[in-house]
There are 2 protein chains.
Amino acid sequence: MTNTCDVCTYRSYLFDNLNKTEFGLLTLSRKEMFFRKGEIICREGEKINNFYYLKEGLLKVYKTVDARKEQIISISNPLDFIGLLSVFSNFNYIFSVSALENSSICIIELDALKKLIQSNGEFAMTLLEKMSKMNDQILETRLLINLKNLRGRTAYIILMFAKDIYKSKKFDLPVSRKEIAELIDMRTENVIRILSELRNDGIIKIEGKSIEIIDQKRLESISEFG
Amino acid sequence: MTNTCDVCTYRSYLFDNLNKTEFGLLTLSRKEMFFRKGEIICREGEKINNFYYLKEGLLKVYKTVDARKEQIISISNPLDFIGLLSVFSNFNYIFSVSALENSSICIIELDALKKLIQSNGEFAMTLLEKMSKMNDQILETRLLINLKNLRGRTAYIILMFAKDIYKSKKFDLPVSRKEIAELIDMRTENVIRILSELRNDGIIKIEGKSIEIIDQKRLESISEFG
DNA sequence: CGCGGCTTTGATGTTCATCAAGTAAAGTGG
DNA sequence: CCACTTTACTTGATGAACATCAAAGCCGCG
């Protein structure tokens, strides 16, 4: 008898080193939860009891700066969001996570996972690698964005959505202008202004949430040198 | 017969879960190297063969932006620098590391360490925790610095040296003004300007590399709200 | 239908990067 | 060890990039 976990992408991506018994144990404690667009998965400061991974959907990881302002750390699609920064290093979340699109999230009790890490070193190694890679990537991206001027950041983030997330030159933005600003350290007004500029220059088409890249070469050049 | 590793801080900090045999094996493959102030420990792009930890001294982790400019990611003292970001997630270093002060670094072959991770899950868990914590802290610090204006950043970095590194209100800067700028995303001229301002306001004394905090309350307030 | 949040554009102000120029310190080669 | 070169440090003046303020239209939602 097979369960749905056996055919999940994560089976080979993350749990390849678990034997049948171990994997069975894990899937027993596993719960799958559905989050509607906008719903919050976990909040900064809450106690960490579970290990999450994103099966389907799109999430944002963020910190609350003050009542009016958030800082978005990263946007993650499946395989880019496993566990969470801080799951193994803190007792409480240091970031919040919410759903940008309807999402399916798998939840494993942290204690069960820790036991597996301790009993299966190969699995521990895989997890260590994946989480390190995730961490590195987030840090590198933040550093990269910081080097760019506002035009460069805007171009960069459009390309990120097109290439990494939607794999298409045409897509609907899953975030507001304000959220884009919070993601790339800008003010909302400037995001809007620069999007308009890029449209007037014939580099992108934009209408509400819908974006289409017209001149990818130029957009990439702006992203790189801006 | 004891070796020096038995009395090293890292024995309990990182290697507590290794038994005598395992620890013995590790220390056999261990080499200790001495780096003089200014020397480079490893370079961005080089193949990763070793796992490093800082026994004594002070390091900077940085990326080269272009021939004239570096970006400093973090400054680490012992126990804050174990392994390196990217050791487990990449084949090649994504950052460089050099010594800000004369430093002793212990070097373990990465393969030997990986074998231990795979055979000893408790050790794996400890390593995962420590490295995650290091990663989280670096990311949080970068985010925090970015929220501050130049005055706030300068105050923050002075307090970091005083509280985290030298544990004293009076200390000698281990870095140049240019390096401070590279660490907190500023221009050298502005670092100098603001240090002078803080001196003129009677908040710090500064003479060459020597800094003394006079009014810590005010400095902390500048760091927090700046 | 009215309120609040999102979007947009224009005008204004501030912060910070850049340029320039000079002094001091430190490293380099004869 | 001294002349020479380079690098670090410092201050002032200027301009560009970006934040802030203001106002108005839009949309969704109670």
Side-chain angles (χ1 to χ4, degrees), chain A residues 36-38 60 64-72 98 100 145-158 172-201 204-211 222 225-226, chain B residues 36-39 60 65-72 98 100 145-158 172-201 204-211 222 225-226:
Chain A
R36 213 167 287 281
K37 181 177 172 134
K60 71 169 175 182
T64 303
V65 178
D66 58 55
R68 289 262 152 185
K69 201 176 168 189
E70 287 173 0
Q71 164 148 41
I72 302 180
S98 75
L100 288 176
I145 285 173
N146 249 277
L147 288 175
K148 299 181 192 297
N149 66 19
L150 301 198
R151 243 175 112 79
R153 291 181 200 178
T154 310
Y156 179 86
I157 217 64
I158 295 172
D172 282 355
L173 278 174
V175 289
S176 68
R177 311 290 195 257
K178 184 159 168 282
E179 284 173 310
I180 293 178
E182 289 168 345
L183 178 58
I184 53 181
D185 265 315
M186 292 175 57
R187 296 301 130 149
T188 312
E189 294 94 321
N190 287 325
V191 170
I192 289 163
R193 237 184 285 277
I194 288 168
L195 285 177
S196 300
E197 278 175 38
L198 293 175
R199 182 189 46 211
N200 294 342
D201 295 349
I204 58 172
K205 273 189 193 166
I206 182 164
E207 201 192 321
K209 297 281 187 192
S210 153
I211 287 196
I222 292 170
F225 301 107
Chain B
R36 213 168 286 282
K37 181 178 173 137
E39 286 180 332
K60 70 169 176 181
V65 178
D66 58 54
R68 290 261 152 187
K69 200 176 168 189
E70 288 174 359
Q71 164 147 42
I72 302 181
S98 75
L100 289 176
I145 286 173
N146 249 276
L147 288 175
K148 299 181 192 296
N149 66 17
L150 300 199
R151 244 175 111 78
R153 290 182 201 178
T154 309
Y156 179 86
I157 217 64
I158 295 172
D172 282 354
L173 279 174
V175 290
S176 67
R177 311 289 195 260
K178 183 159 169 282
E179 284 173 308
I180 294 179
E182 289 168 346
L183 178 58
I184 54 181
D185 264 314
M186 292 175 58
R187 297 300 130 146
T188 313
E189 295 94 319
N190 287 325
V191 170
I192 290 164
R193 237 185 287 274
I194 289 168
L195 286 176
S196 301
E197 279 173 38
L198 294 174
R199 181 189 47 210
N200 295 341
D201 295 349
I204 58 171
K205 272 189 193 165
I206 183 165
E207 200 192 319
K209 298 280 188 192
S210 153
I211 288 196
I222 292 170
F225 302 107

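The figures here come from the full heavy-atom set of this structure, side chains too, leaving out hydrogens, waters and symmetry mates.
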Taking B:Val175's backbone N and O only, do any of them form a donor-acceptor pair with B:Lys209's side chain (distance below 3.5 Å, no angle check)?
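It does hold such a pair.
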Tell me what B:Thr188 touches on the nucleic acid: a base, only sugar-phosphate, or nothing, going by heavy atoms under 4.0 Å.
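The answer is nothing, as B:Thr188 stays clear of every strand by at least 4.0 Å.
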Please pick, from [options], the nucleotide with the shortest atom-to-atom distance to any side-chain atom of [X].
X: A:Ile192; options: C:dT8, D:dA19, D:dT11; answer: C:dT8
X: A:Leu150; options: D:dC9, D:dC18, C:dC6; answer: D:dC18
X: A:Glu189; options: C:dT7, C:dA17, D:dT20; answer: D:dT20

[N] OP1/OP2 closer than 4.0 Å to side-chain N/O of [X]:
X: A:Arg187; N: D:dC18; result: no
X: A:Ser196; N: C:dT8; result: no
X: A:Asn149; N: D:dC18; result: no

By nearest nucleotide on DNA chain D, pick out whichever of B:Arg199 and A:Arg151 is the more 5' one.
B:Arg199
Here the pair of heavy atoms bringing B:Leu183 nearest to B:Ile145 is O-CD1, 4.4 Å
Side chain to side chain contact (heavy atoms under 4.5 Å, CB included) against A:Asn146, all qualifying residues, sequence neighbours excluded
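So A:Asn146 forms a side chain to side chain contact (heavy atoms under 4.5 Å, CB included) with A:Asp185, B:Asn146, B:Asp185.
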[X] [atom1] - [N] [atom2] separation (whole Å):
X: B:Lys209; N: D:dT7; atom1: NZ; atom2: C1'; result: 11 Å
X: B:Asp185; N: D:dC18; atom1: CG; atom2: C1'; result: 16 Å
X: A:Ile194; N: D:dC18; atom1: CD1; atom2: P; result: 7 Å
X: B:Lys178; N: C:dA17; atom1: NZ; atom2: P; result: 15 Å

Polar pair under 3.5 Å, donor/acceptor by atom type, side chain B:Arg193, base C:dT18
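Answer is yes: a donor-acceptor pair is held.
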hbond_proxy A:Arg177 side chain to C:dG5 base (donor-acceptor, 3.5 Å cutoff)
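Looking at the base of C:dG5, it does not pair with any donor or acceptor on the side chain of A:Arg177 (distance under 3.5 Å).
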Salt bridge flag under 4.0 Å for residues B:Lys178 and B:Glu182
yes
